[in-house]
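The block underneath contains the structure these notes are about, expressed in structure tokens.
Because the structure is predicted, anything quoted here is derived from the model rather than measured. The chains referred to below are lettered A, B, ... by the order of the sequence lines, with proteins before strands, and numbering in each begins at 1.
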Number of protein chains: 2
Amino acid sequence: MADVAERAGVSTSTVSRTLRGLSTVSPEVRARVEEAARELNFAVSRQAASLVTGRTGTMAVLVPTLDSWFMGAALSSLAPLLRAAGMELNVYMIADLAERTSFFERLPARRNADALLVFCFDLTDEETTRLDNLGMPVIYVSQHVEGRPSVYVDDVVGARRATRHLINLGHRRIAFAHTANVRGFSFSSRERLLGYQQALTEAGIPLDDDLVVATPPRDKRGTTQAVGNLLSLREPPTAVFAEQDELAASVISTLRTVQIQVPERVSVLGFDDQLMAEWLDLSTVAQSPSDMGRAAAELALELISDSEADRGRHIVLPTHLIPRGTTAPPPAPLGEREANGPAQGRNA
Amino acid sequence: MADVAERAGVSTSTVSRTLRGLSTVSPEVRARVEEAARELNFAVSRQAASLVTGRTGTMAVLVPTLDSWFMGAALSSLAPLLRAAGMELNVYMIADLAERTSFFERLPARRNADALLVFCFDLTDEETTRLDNLGMPVIYVSQHVEGRPSVYVDDVVGARRATRHLINLGHRRIAFAHTANVRGFSFSSRERLLGYQQALTEAGIPLDDDLVVATPPRDKRGTTQAVGNLLSLREPPTAVFAEQDELAASVISTLRTVQIQVPERVSVLGFDDQLMAEWLDLSTVAQSPSDMGRAAAELALELISDSEADRGRHIVLPTHLIPRGTTAPPPAPLGEREANGPAQGRNA
DNA sequence: GTGAAAGCGCTAACAG
DNA sequence: CTGTTAGCGCTTTCAC
């Protein structure tokens, strides 16, 4: 910066003021400084600046993974907002319990960011408390934490609607497939199960633990086994509500492999409405991680600039049921089919 | 840090030495300092540290998007390496030309990172030169730049292999579908087209521009139109090589919508080997963005710590053809089928 | 093995 | 409107 000052024939203060866009610089001096800066390829060191301002110009995000549809969409929509606000994006990815422990022990974000966005974790009270003392606004995304700023969709309601859709179609044996919860790494899964259970109970359908199956994430074999468990039940389900589109896709693929038609024999319903849902003509519950990312970024920027702002605000975004081709009425029971001909004609 | 020093009854120098793990601290003092630091929840300010060391402890990555399979996988595999090296991950996402221009003009990463990983961009010479003067190692990922460290797969070879697979199956009318190149935002696309063309030429099959179609990324309508163009040709293709799995999925979905069986009537081949390729039983060319991310991170760390290291090194990772269920021999020509009965029986 | 002191590059009063 | 000055919190000589 001294170089720029010298070249422009002014003091470093003036260079600093110019580069920060303060209006208290005369136009001609501003022009000289800007040119000098350009010629010297000068860029302000955020490090040095933050040392004195106390602000880092960085937004930190804590994520369980980066290779998921959800995180990709959320971060992609969040990034332009940060850029517009002149902030950088610092990603802390925590993939396992060891990294998690060390993160919460050392809290490396401390003093190195102006706000933290925590995505998708199922945090313990202790962890939440630890974050309270981080010295910066912490926003919870895709999860709600009592008394802290949160942005999420109502997974319970979404899952309840989804299940009701299946019930309305006439299904009574409805399975719920979820990804095995790597401890504390999936907040929504639990909530969606709850919604599923609520819908069944409301409809007077008894809960059956055998209909709830888990599979490790992105594991073809796991899905095959889970589906196998369902198919070998005394009274197998006529519909499967998968907690995520990816899982739904895997379930469909498994069913079709064994010649079980979807939706004629078994209906499958997802959650997310990823791009692939359209390709697969998958019925699903839509949520928008992009909207969540944006809302979270806006909230964070607000909390950074206005320390008076409401620190307990919850932003709840909507979900929508998108009925497509993988859900249909259940086939007629075996007895009736034999008596009345093909199930197709039952409702004609 | 002064607080920690006081609490531990030592000077800040000693605290600094302790926290950085230097061995010139006596065990008992070290213990005292560490406890004081823990009690005070102290975390070193990277900002202040970097001001004097000149190193920021940050790796910057420049990416065109975050919501793609490729970037997700690459960043997910890269993150643990950085974490192990005690570095943070700073993401610059550039989504359009305006952001791109401003990034290269201002180069905000200057002095705010120790190395820069540039992903997937089709850079101009001017941009490359600009990065040369960034004052930190710049590693190009999923693209090669003459004389600069690069990590990539050989898209030309991969695409040639893919095309050859189709030729070997008996196809002669082979289409190439690629995503419309938003100017300068897709390096691989061009290379894959080249490989496709080479394979055809080697096999003595004339190139036909009508067989090369483009569609905006992730645009169902665009795909429908592109496929429509192919189907309405005087001599339509019997195989489509899609430059990405996602595009292949979209093509298959379009074809099936109009009752054109895959692979009986038209074969479809992808590139990437995403998870969805398995669900769709999609034949494809596998590449590993995870390996690329890891290799890039390792290379970057090496270049940071060893300024003598070879700055022109290229790391080329392999691709593999994964034949699955969406590629098959072409149907017998119409004339022959009429003469000889169903195509199925032709080779019996 | 430890402390004192200088200074990294910048911003924020405060004068002028 | 601009310059001078004093740190921000750390690391790094250099003494001891």
Side-chain angles (χ1 to χ4, degrees), chain A residues 1-37 40-58 86-88 106-114 135-136, chain B residues 1-34 36-37 40-58 86-88 106-114 134-136:
Chain A
M1 187 173 261
D3 297 346
V4 178
E6 188 180 6
R7 186 169 192 117
V10 296
S11 71
T12 59
S13 315
T14 301
V15 174
S16 173
R17 283 191 275 254
T18 305
L19 265 28
R20 278 178 297 146
L22 299 192
S23 55
T24 62
V25 180
S26 73
E28 61 175 316
V29 170
R30 166 173 299 275
R32 276 215 316 277
V33 171
E34 280 173 348
E35 185 176 343
L40 293 173
N41 274 331
F42 178 79
V44 172
S45 161
R46 281 187 133 80
Q47 327 291 331
S50 76
L51 196 53
V52 33
T53 60
R55 298 193 44 209
T56 62
T58 296
M87 298 196 72
E88 316 228 307
R106 312 195 316 95
L107 286 185
R110 185 191 294 283
R111 304 217 278 161
N112 294 305
D114 297 336
M136 64 181 81
Chain B
M1 187 174 260
D3 296 347
V4 178
E6 189 180 5
R7 187 172 193 113
V10 296
S11 71
T12 60
S13 316
T14 301
V15 174
S16 173
R17 284 190 274 255
T18 305
L19 265 27
R20 279 177 298 145
L22 299 191
S23 55
T24 61
V25 180
S26 72
E28 59 174 316
V29 171
R30 164 173 301 275
R32 277 216 316 278
V33 171
E34 281 172 348
L40 293 172
N41 273 330
F42 179 79
V44 171
S45 160
R46 280 188 134 80
Q47 326 293 330
S50 76
L51 197 54
V52 30
T53 60
R55 296 192 46 207
T56 63
T58 296
M87 298 195 72
E88 316 227 308
R106 312 194 318 95
L107 286 184
R110 185 191 295 282
R111 306 216 275 159
N112 294 305
D114 297 336
L134 192 51
M136 64 181 81

Starting at atom [atom1] of [X], determine the distance to atom [atom2] of [N], rounded to an integer number of angstrom.
{"X": "B:R55", "N": "C:dG9", "atom1": "CZ", "atom2": "P", "answer": "17 Å"}
{"X": "B:E28", "N": "C:dG1", "atom1": "CD", "atom2": "P", "answer": "12 Å"}
{"X": "A:Q47", "N": "C:dC10", "atom1": "CD", "atom2": "C1'", "answer": "11 Å"}
{"X": "B:E6", "N": "C:dG3", "atom1": "CD", "atom2": "P", "answer": "13 Å"}
{"X": "B:R110", "N": "C:dG9", "atom1": "CZ", "atom2": "P", "answer": "14 Å"}
{"X": "B:L22", "N": "C:dG1", "atom1": "CG", "atom2": "C1'", "answer": "12 Å"}
{"X": "A:R46", "N": "C:dT11", "atom1": "CZ", "atom2": "C1'", "answer": "15 Å"}

For [X] and [Y], work out which heavy atoms get closest and say how close.
{"X": "B:A36", "Y": "B:A8", "answer": "CB-CB, 4.1 Å"}
{"X": "A:V44", "Y": "A:M1", "answer": "CG2-CE, 4.4 Å"}
{"X": "B:D114", "Y": "B:M136", "answer": "O-CB, 3.5 Å"}

Can you confirm whether [X] sits close enough to [Y] that some side-chain heavy atom of one is under 4.5 Å from a side-chain heavy atom of the other?
{"X": "B:T58", "Y": "B:E88", "value": "yes"}
{"X": "A:R17", "Y": "A:T14", "value": "yes"}
{"X": "B:L107", "Y": "B:L134", "value": "yes"}

Note to self: For B:V29 and B:A48, find the nucleotide of DNA chain C closest to each by heavy atoms; which residue's nucleotide sits nearer the 5' end?
What the structure shows: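 Its nearest nucleotide being more 5', the pick is B:V29.
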
Notebook entry, point to check: What pairs with A:R20 under salt bridge (Lys or Arg N to Asp or Glu O under 4.0 Å), at least two apart in sequence or on another chain?
Noted result: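 Applying salt bridge (Lys or Arg N to Asp or Glu O under 4.0 Å) to A:R20 gives none.
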
Next item on the list: Classify the nucleic acid contact of B:T24 as base, sugar-phosphate or nothing, counting any heavy atom under 4.0 Å across all strands shown.
Entry: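 Contact class for B:T24: base.
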
Next item on the list: Could you list where the contact with chain A starts and ends along DNA chain D, reading 5' to 3', using a 4.0 Å heavy-atom cut-off?
Entry: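 So the outermost contacting nucleotides come out as D:dC1 to D:dC10.
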
Next item on the list: For A:T12 and for B:R20, locate the closest nucleotide of DNA chain D by heavy-atom distance; then report the residue assigned to the nucleotide nearer the 5' terminus.
Entry: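 This one resolves to A:T12.
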
Margin query: I want to check one thing: is the phosphate of C:dG9, taken as OP1 and OP2, less than 4.0 Å away from some side-chain N or O of A:S45?
Written below: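 For A:S45, the contact criterion (side-chain N or O under 4.0 Å from OP1 or OP2 of C:dG9) is not met.
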
Check: Does A:N112 use its side chain to pair, donor to acceptor, with the backbone of A:R110 at less than 3.5 Å?
Finding: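 Side chain of A:N112 to backbone of A:R110: a pair is present.
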
Check: Between A:S16 (side chain) and A:T12 (backbone), is there a donor-acceptor pair under 3.5 Å?
Finding: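 Not at all, since once roles are kept as given, no pair shorter than 3.5 Å links the two residues.
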
Within the sub-3.5 Å range, which N or O atoms of nucleotides 14-16 of chain C have a protein N or O partner, and how far apart are they?
none

Notebook entry, point to check: B:S26 side chain: which of C:dC10, C:dG1, C:dA12 is closest?
Noted result: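 Among the listed nucleotides, the one closest to the side chain of B:S26 is C:dG1.
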
Next item on the list: Can you figure out which of C:dA12, C:dC8, C:dT11 approaches the side chain of A:S13 most closely?
Entry: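 Side chain of A:S13 sits closest to C:dA12.
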
